[in-house]
Amino acid sequence: FIIFVMISVTVFPTNLLFCNTIFALSSGHGRCGVAVVRVSGPASATALRSMAGLTRSLPPPRTALLRSITEPQSKEVLDRGLVLWFPAPHSFTGEDSVEFHIHGGPAVITAVLQALGSMPGMRPAEAGEFTRRAFQAEKLGLTEVEGLGDLIHAETEAQRRQALRQMSGDLGRLYQDWSHKLKRCLAHVEAFIDFSEDELIEDGVLTQVDKSVCDLQADIERHLKDERRGERLRSGVQVVIAGATNAGKSSLLNTICQRPAAIVSPIAGTTRDVVETALDIGGFPVLLTDTAGLRDSPDLVEREGVRRARERVEQADLTLVVVDCAHLPSDAQEAAAFLLAHLKSILPETGMIPPYLSLSDSQLSLKAFQTQRVCGLPPVCLISCHTNEGLQDFVTVLHNSVKTLCGDPLSGAPTLTQARHRAHLQQCVTALAQYQQYRDTDLALAAEGVRLALTSLGRITGRVGPEEILDIIFKDFCIGK
Amino acid sequence: MTFRFLLLASRRAGHLARQQYDVIVVGGGHAGAEAAAAAARMGAETLLVTQKIHTIGVLSCNPSLGGIGKGHLVKEIDALDGLCGRAGDWAGIYFSILNRKKGPAVWGPRAQLDRQRYREFIQAELLGTPRLTVLEGSVEELQVTEPNPEEPGHHRVTGIRLANGSHQISARSVVLTTGTFLSGSLFMGQTTSPGGRIGDAPSSAGLSYTLQERLGLRVGRLRTGTPPRIVKDSVDFSLVEPHLPDKHPTPFSFLNTHVRCKPEEQLLCYLTCTTPGVERVVRESLHLNCHIQQDTKGPRYCPSIESRVLRFPGRAHQVWLEPEGVNSDLLYPQGLSMTMPPDMQLLLIREIPGMQRAEIHTPGYGVQYDFVCPTQLSPALQVKSTQGLFLAGQINGTTGYEEAAAQGLWAGVNAARWALSMPPLALSRTESYIGVLIDDLISRGVTEPYRMFTSRAEFRASLRPDNADLRLTLKGFEEVGCVSSLRYQEAVRVRDSLQEALAALQTLTLSAPNWTKKLPNIRISEVKTTSLTGVDLLQYRDVSFEMLASAFPECLSRFTEFSQRLKIEAVYRFHCELQKKEIERIQKEENMALPQDIDYFSLPVSLSQEVREILDRFRPSTLGAATRLQGITPAAIVNLLQYVYHTGQKERGPRRNKPDHKEDREEELCARNASIPQ
């Protein structure tokens with residue numbers, strides 16, 4: 001058995017197919033002095049040569065070498081660090097591989113990742129791709145293989161959450177808009193190819209496409225050049241406090257921050273918008289968000305707050321659900337059932353539920369609730385925000401959860417997502433150039449360019465299948481032979 | 001072209017030489033004809049049962065073959081030694097390549113056909129095919145029994161029962177190609193009558209019953225329609241725009257160097273268009289039009305004139321007037337499919353320029369019919385639950401002669417393979433449009449009649465009409481067994497010549513200035529200091545292979561037979577290379593079969609309930625098909641992969657390894673082999 005599957009749910013060929021060399025940050029983010037960037041695939045040696053200034057020869061295999069790491073085109077020095085060369089098959093993936101051990105600051109990491117992404121044949125790794133390649137090369141033991149599904153699941157989830165965060169803002173709207181335009185371009189070219197001989201599809205359709213492709217190309221290029229245009233990226237593990245109104249969410253935020261970041265009052269519905277606070281928990285960057293209490297309210301402002309709260313919960317790496325102990329049934333079994341039902345109403349229905357903590361607040365002494373894990377329940381902590389009783393235990397649990405999350409290099413690292421986006425957008429522009437190149441000589445190859453562009457953009461905004469293109473064609477044209 | 005006209009000889013049930021066949025094909029339309037011919041070519045003793053022998057190969061609707069996407073299918077059917085390409089070359093009376101200006105990957109070879117000649121060719125071919133018997137009769141029901149326990153499935157087909165009397169004929173496999181006849185009903189104005197085509201008897205309800213009640217297959221309902229036929233002499237040709245065919249007709253078949261019709265004897269097509277009067281007639285007759293009021297799904301791309309003017313009002317729609325044959329007095333008005341009452345049809349066509357005095361020979365009508373949801377089929381077009389039962393054509397929810405013929409051929413191949421105890425075969429969507437067609441059908445199902453478009457093929461740059469022989473003929477002979485050695489030898493010759501020619505071009509290496517000296521009329525960018533090969537040069541828009549051959553006659557002139565193909569190969573080479581990796585990846589996934597009787601709900605791997613339900617509903621045949629299902633996560637694929645990996649190690653579990661069955665099977669194999677005609 002050596003057959004292997006690259007997990008890609010796309011049916012379209014990707015123009016990533018000639019980018020067979022992948023790279024990714026392999027060390028966790030957060031408190032780290034050294035970051036490791038891994039490269040694997042046929043272009044690894046080229047990457048090493050051009051970024052470590054090794055024009056003549058490659059370093060001896062598996063030996064650390066201290067080099068200046070430079071941007072391949074401008075030769076600007078990005079960092080000084082260790083490089084390691086692992087020629088195939090003696091590497092983790094069984095392919096030619098390179099490791100860059102660089103300083104752990106986000107600026108350095110971003111610069112190195114962007115430099116790698118700018119080189120031909122290179123692309124950011126998909127979720128779990130290094131491990132999959134190792135699997136393919138039969139470098140993994142059976143137990144590791146069994147964990148592969150879970151790993152890929154976790155990584156896909158982290159990427160999905162990360163993408164959701166970025167896609168919900170202005171940037172997301174911009175990308176969606178491009179994707180929409182590109183879809184129409186493709187639909188119109190395809191209509192011209194598949195139907196124009198029998199139907200009244202005028203050449204004017206193509207002139208429109210020419211203009212759209214040209215505009216899109218210019219727009220995306222401008223976007224790629226404009227370094228400042230990026231949105232403010234919320235960095236760190238996203239922890240969201242959620243729960244019913246007046247459960248004590250804002251009190252918890254203030255207790256954790258040890259300062260009054262949010263207004264606390266006994267009136268239900270005091271917090272109406274999201275309140276964000278950046279924290280350092282055991283050395284890991286955390287963005288703690290307080291949200292409006294979840295309830296149906298006639299108040300328009302509060303309703304918007306609830307909508308935002310739900311959105312945040314969906315994008316969260318970790319959700320803290322706050323429950324007022326006064327509402328808990330006294331029987332432990334019933335209490336567990338109550339908590340389960342409550343969690344279900346708060347956490348998103350779709351996708352995987354992120355690891356969460358439930359915690360009850362106030363009047364601690366009144367309820368003798370068992371703190372051990374109940375079947376199906378996440379860890380439960382009891383705290384009093386008045387006396388700070390239980391706070392220390394809670395912070396320990398939170399710390400451990402955050403630490404686990406930070407071990408995953410994909411979570412909470414917007415720069416990584418940004419690097420991915422850049423790479424895909426760059427490929428999109430290149431593919432659109434193929435349209436221009438073949439527009440007058442071979443429309444089939446020109447259309448191929450638009451297809452590839454849409455596939456690249458689809459890696460950010462979601463896949464577009466041939467059926468969707470046909471739908472647009474039939475909506476826009478009267479096709480009837 | 002070798003063509004021997006054979007006298008039609010009808011054979012009746014009583015005169016059948018045998019009561020047992022390897023393969024029985026039910027239906028003599030485009031799917032049935034290809035299925036029967038393919039099964040017989042595979043070496044199976046085959047019986048084709050059809051209501052009337054003289055309607056075998058009838059063009060029920062438009063008198064044309066090929067087109068964009070459809071032409072690709074015809075070339076592929078021909079590459080697998082099917083009939084329709086050669087029949088088209090025999091019967092064509094107007095040849096043109098559509099999309100000529102848009103790049104060879106999307107060229108659409110197309111021909112208007114002489115209906116009679118087409119039918120005659122197909123009938124003569126079938127009646128002259130060794131191992132193939134044609135029988136007139138109506139099938140009452142399928143004979144079904146317990147499944148072979150060593151293969152997946154809940155039932156096994158053992159033959160058919162004919163309508164008159166209870167005559168039974170047994171077979172190892174049965175291919176159903178019932179077209180629009182499965183619970184078909186005809187619509188014209190306010191009248192409805194049972195049937196699948198005007199002038200033909202409806203098929204029996206027994207078949208429909210067997211499929212739904214006995215085999216438990218899910219069926220759906222679709223509709224289609226056909227325009228009225230116009231009396232040619234009643235059209236004023238001064239008011240319509242004539243369209244000329246290609247000066248040099250290009251044959252469909254890789255075996256033919258020319259078509260039967262002389263270039264100058266080709267007929268013309270005419271273009272006219274609808275007027276506001278047409279729209280008025282449609283609106284005024286709506287209340288008299290049952291078909292259009294129904295909500296059964298019709299095709300979006302071949303709608304009736306009623307749907308067209310209702311969906312896109314206030315504009316002129318094209319109407320093509322196409323010849324029906326050399327000796328035919330009729331014209332086929334492409335674009336005027338309609339179901340209103342005949343008197344209103346006459347009113348409508350007389351609102352169209354050139355047809356103000358037109359007469360209708362046969363009115364248009366609509367058909368509604370049952371189709372079997374094709375997600376219940378395997379890539380071999382076998383019903384997954386029923387061993388030996390194959391379906392092809394409109395019964396699977398497709399529309400079009402070419403789509404039907406393509407499925408027919410592949411179902412015939414696999415029906416024969418099943419009957420002869422050979423493992424089933426699939427065509428990949430990475431190697432053929434036929435593969436795209438079948439994969440789309442079985443993995444997505446249909447919501448409207450499915451028609452081929454080039455935009456459905458991801459690897460359009462690689463799957464071109466010009467290279468269908470290289471893609472399929474070699475495989476068809478070496479792996480499948482449906483291609484004659486004559487055709488195979490020709491394909492090998494072509495392949496070797498193309499390779500030699502490309503190698504010769506590759507070794508022709510000159511610097512840019514030297515190329516300019518050789519080809520003074522071509523602008524070669526002098527910036528390039530590196531030398532250029534002949535292949536590089538051929539990629540230039542204005543460079544043809546002939547030009548290179550006259551510059552280097554000693555090494556190239558012997559390849560001028562392949563000038564056009566070499567030019568295309570050179571231009572597409574880069575793009576095909578790029579697609580190759582992705583193609584290989586998909587093919588690997590498609591090689592990983594998922595057992596068809598797998599119980600996804602109890603599978604001991606980590607899969608969400610939602611994923612299990614999707615897998616259970618669609619029952620993908622391969623891991624590749626599973627990845628294309630909506631809602632299947634990458635993690636689920638990895639978990640499935642592990643399953644395939646483990647079961648692969650254990651020889652696919654105990655089901656296949658029962659020792660007591662093994663001996664039986666070997667005996668059975670010997671018996672079967674003995675019955676294969678040598």
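In what follows, every chain begins at residue 1, and chains take the letters A, B, ... in the order their sequences are listed.
Between atom OG1 of residue A/Thr455 and atom CD of residue B/Glu458 there is a gap of 10.0 Å, rounded to the nearest 0.5 Å. With values rounded to the nearest 0.5 angstrom, A/Ile193 atom CD1 is found 9.0 Å from B/Ile68 atom CD1. Note that NE2 of B/His575 is 3.0 Å distant from OH of A/Tyr438, once rounded to the nearest 0.5 Å.
Proximity of a side-chain donor or acceptor of A/Asp194 to a complementary backbone N or O of B/Phe453 within less than 3.5 Å is not detected. A donor-acceptor contact shorter than 3.5 Å is absent between the side chain of B/Lys101 and the backbone of A/Leu443.
By the 4.0 Å N-to-carboxylate-O rule, A/Glu190 lies close enough to B/Arg460 to be salt-bridged with it.
Other residues, nucleotides and ligands contribute over 12 non-hydrogen atoms within 6.0 Å of the CD atom of A/Gln436. The neighbour count for A/His180 NE2, taken as heavy atoms of other residues, nucleotides or ligands under 6.0 Å away, does not exceed 12.
Contact annotation: the side chain of A/Asp442 approaches that of B/Pro104 to within less than 4.5 Å [non-hydrogen atoms, C-beta and beyond].
Closest of all the heavy-atom pairs between B/Lys102 and A/Phe192 is NZ-O, 2.9 Å. When all heavy atoms are compared, the tightest approach of B/Thr454 to A/Arg451 is O-NH2, 3.6 Å.
Of the two parts of B/Ala457, only the backbone, made up of N, CA, C and O, holds a non-hydrogen atom closer than 4.5 Å to a non-hydrogen atom of chain A.
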